[in-house]
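Have a look at the structure below before the remarks.
The residues of the chain are indexed from 1 along the displayed sequence.
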Amino acid sequence: FFFQAEDGIRDLVRSRGLGDVYKRQVNKVKTRTIQKPMWTFQPSSLQLDTTNKRCSLNCVYCNPQNLFVDSGQGDLPLETIEYIVNELKRKKFRVNNFYPFMNSDPLLETRLPSIVKIAKKALQCSTLVSTNGVLYNRRHLLADKNINDVCFTVSAATNGLYEKIHGKPLFDNVLATISWLKRNKYWNQRINLRYILFGQNLHELESWKKLFSEFNQEIRCLHCGGDRNQSNLLKIDNKVIEKYQMDKITSLVEAEEPCNCFGNLAISYDGKIMQCCDIPYEHNWGHVEEVDLAEAWNKRLDIGLDHLG
């Protein structure tokens, strides 16, 4: 026996074949034109401050630690992390990147393997860990199949300048950690180097490029041109900023995005939804388990902050 593709589908107009069948089976959906950029509707990245343990370094350009880190120690519970990623999944937010750090260093977080595993399983996103790399005795935390990218922030090319900029003479520790990870990383892991560029280290930039030439490199100009406490950092010429930042600035302008971190859903170590990952903890929308994520995301857009605060 034979049957026709139109069996069970009866129309007054005689069919001309399979094409007509498929056309009639498609429901007509009303569409609308999206007026706002896509980044306004949902976060593209999840950034967690999983611990408030103090960073091992005291970099001259970094955010003052006392604005972000309370005295004592506190950790974001794994149960809360699971709630966050599952809530994002339930709301069908398409998170592309996961950053398990904010104002500390991920090597201080001994639960790092569990944290990245939880996020990877729920969100199926790329995971990037950014570290100073000075804790050589915890280097094994970086060799993890659930971590896609490891980025080392090293803003000098010599021991002397490294101590001046990063606050401690640990340049050799960083080199040892990078070398170890190069030999022991998983096949899917990439190693990246970041250089925070400003007046005091401009003269070592070319040496730094050669020293780490085998790795992916990112040169990030200090966006505020000075320290947020004492304004004791030398500014760099606008031409240098344009050379290394123009592509990023152009992409932000085209996307109408306030800054390159604005797509981050940032959550502090005590579970608060941050207004921005780059300002003190007091600016938040409440605990993630008490406030609707979508509502908080929409509210932060009304504030109008840009990268200068």
Side-chain angles (χ1 to χ4, degrees), residues 45-59 62 73 75-76 78 81-82 85 95-159 161-163 165-196 204-205 207-220 269:
S45 303
L46 173 62
Q47 188 167 11
L48 301 181
D49 225 359
T50 64
T51 180
N52 73 339
K53 297 181 178 72
R54 287 185 177 273
C55 178
S56 306
L57 299 179
N58 186 26
C59 305
C62 198
Q73 297 181 357
D75 294 329
L76 187 65
L78 291 179
I81 296 174
E82 288 180 339
V85 296
V95 175
N96 299 318
N97 302 292
F98 172 57
Y99 307 117
F101 67 95
M102 197 185 309
N103 295 303
S104 186
D105 190 274
L107 288 185
L108 293 169
E109 177 57 91
T110 56
R111 304 173 303 161
L112 185 61
S114 298
I115 292 170
V116 295
K117 184 178 181 180
I118 290 171
K120 197 79 167 182
K121 181 179 178 181
L123 301 176
Q124 297 295 309
C125 62
S126 178
T127 302
L128 185 145
V129 168
S130 185
T131 177
N132 53 46
V134 300
L135 297 179
Y136 180 74
N137 60 331
R138 294 191 178 182
R139 62 195 182 280
H140 63 279
L141 295 173
L142 299 175
D144 191 315
K145 63 182 179 181
N146 290 313
I147 298 175
N148 300 95
D149 289 271
V150 179
C151 184
F152 294 91
T153 301
V154 186
S155 300
T158 60
N159 284 283
L161 186 61
Y162 185 91
E163 183 176 1
I165 291 178
H166 293 284
K168 293 183 180 179
L170 298 174
F171 187 62
D172 290 337
N173 284 37
V174 180
L175 296 181
T177 302
I178 296 173
S179 178
W180 180 88
L181 185 59
K182 177 186 172 183
R183 299 191 305 271
N184 294 277
K185 69 182 182 67
Y186 281 80
W187 67 270
N188 64 317
Q189 291 188 285
R190 294 179 293 267
I191 298 177
N192 309 279
L193 271 291
R194 179 184 295 128
Y195 196 85
I196 307 299
E204 284 200 359
L205 177 58
S207 298
W208 179 88
K209 288 181 180 179
K210 294 178 182 178
L211 180 62
F212 300 111
S213 59
E214 62 184 301
F215 305 112
N216 297 324
Q217 298 179 355
E218 177 192 1
I219 300 167
R220 182 179 296 181
Y269 68 91

Exercise. Do Glu109 side-chain atoms and Ser104 backbone N/O form a donor-acceptor pair below 3.5 Å?
Worked result: no

Exercise. Do you know which two heavy atoms are closest between Leu211 and Ala157, and how far apart they sit?
Worked result: CD2-O, 4.1 Å

Exercise. Under the side chain to side chain contact (heavy atoms under 4.5 Å, CB included) criterion, do Phe152 and Ile191 qualify, and how do the steps go?
Worked result: CA-CA 8 Å; Phe152 294 91; Ile191 298 177; 4.0 Å; yes

Problem set entry | Asp49 (side chain) donor-acceptor with Met102 (main chain) under 3.5 angstrom | yes

Exercise. Just wondering, do Tyr162 and Val134 contact through their side chains at under 4.5 Å, heavy atoms?
Worked result: yes

For this session: Test Tyr186 against Ile147 for side chain to side chain contact (heavy atoms under 4.5 Å, CB included), laying out the working first.
Result: CA-CA 9 Å; Tyr186 281 80; Ile147 298 175; over 6 Å; no

Exercise. Can you find a heavy atom in the side chain of Tyr269 that is under 4.5 Å from one in the side chain of Thr51?
Worked result: no

For this session: Flag the pair Leu141 / Pro113 as yes when at least one side-chain heavy-atom distance between them is below 4.5 Å, and no otherwise.
Result: yes

For this session: Check whether any side-chain heavy atom of Thr158 sits under 4.5 Å from a side-chain heavy atom of Ser207, and report yes or no.
Result: no

Exercise. Below 4.5 Å, heavy atoms only, C-beta onward: do Tyr99 and Ser45 meet side chain to side chain?
Worked result: yes

Problem set entry | Shortest non-hydrogen separation from Val85 to Ala119 and the atoms involved | CG1-CA, 4.1 Å

Exercise. Can you list the steps and then say if Leu170 with Tyr136 is a side chain to side chain contact (heavy atoms under 4.5 Å, CB included)?
Worked result: CA-CA 10 Å; Leu170 298 174; Tyr136 180 74; over 6 Å; no

Problem set entry | Side chain Arg138, main chain Leu108, donor-acceptor under 3.5 Å | yes

Exercise. Checking Ser179 side chain against Ala176 main chain: does a donor-acceptor pair fall under 3.5 Å?
Worked result: no

Exercise. Do the non-hydrogen side-chain atoms of Ile115 and Phe101 ever get within less than 4.5 Å of each other?
Worked result: no

For this session: For atom NZ of Lys185, decide whether the heavy atoms of other residues, nucleotides or ligands shown that lie under 6.0 angstrom number more than 12.
Result: yes

Exercise. Which word best sums up how the rings of Phe212 and Phe215 line up, parallel for under 30°, tilted for 30 to 60°, or perpendicular for over 60°?
Worked result: tilted

For this session: For the pair His166 (side chain) and Val154 (backbone), establish whether a donor and an acceptor sit closer than 3.5 Å, ignoring hydrogens and angles.
Result: no

Exercise. For Thr50 and Arg111, does a side-chain donor sit closer than 3.5 Å to a side-chain acceptor?
Worked result: no

For this session: Would you sort out whether Asn97 and Leu128 count as a side chain to side chain contact (heavy atoms under 4.5 Å, CB included), showing the intermediate values?
Result: CA-CA 7 Å; Asn97 302 292; Leu128 185 145; over 6 Å; no

For this session: Keeping the roles fixed (side chain from Lys168, backbone from Ser56), state whether a donor-acceptor pair exists under 3.5 Å.
Result: yes

For this session: Would you mind telling me which of Thr153, Asn173, Asp105, Thr177 makes a side-chain hydrogen bond (donor to acceptor under 3.5 Å, both in side chains) with Asn132?
Result: Asp105

Exercise. Side chain of Gln217, backbone of Lys209: donor and acceptor closer than 3.5 Å?
Worked result: yes

Exercise. Among Asn146, Asn148, Asp144, which one satisfies side-chain hydrogen bond (donor to acceptor under 3.5 Å, both in side chains) with Lys120?
Worked result: Asn148

Exercise. Is the backbone of Tyr195 close enough, under 3.5 Å, to the side chain of Glu218 for a donor and an acceptor to pair up by distance?
Worked result: no

For this session: With the side chain counted from C-beta on, respond yes when Ile178 and Leu193 share a heavy-atom pair under 4.5 Å apart, and no when they do not.
Result: yes

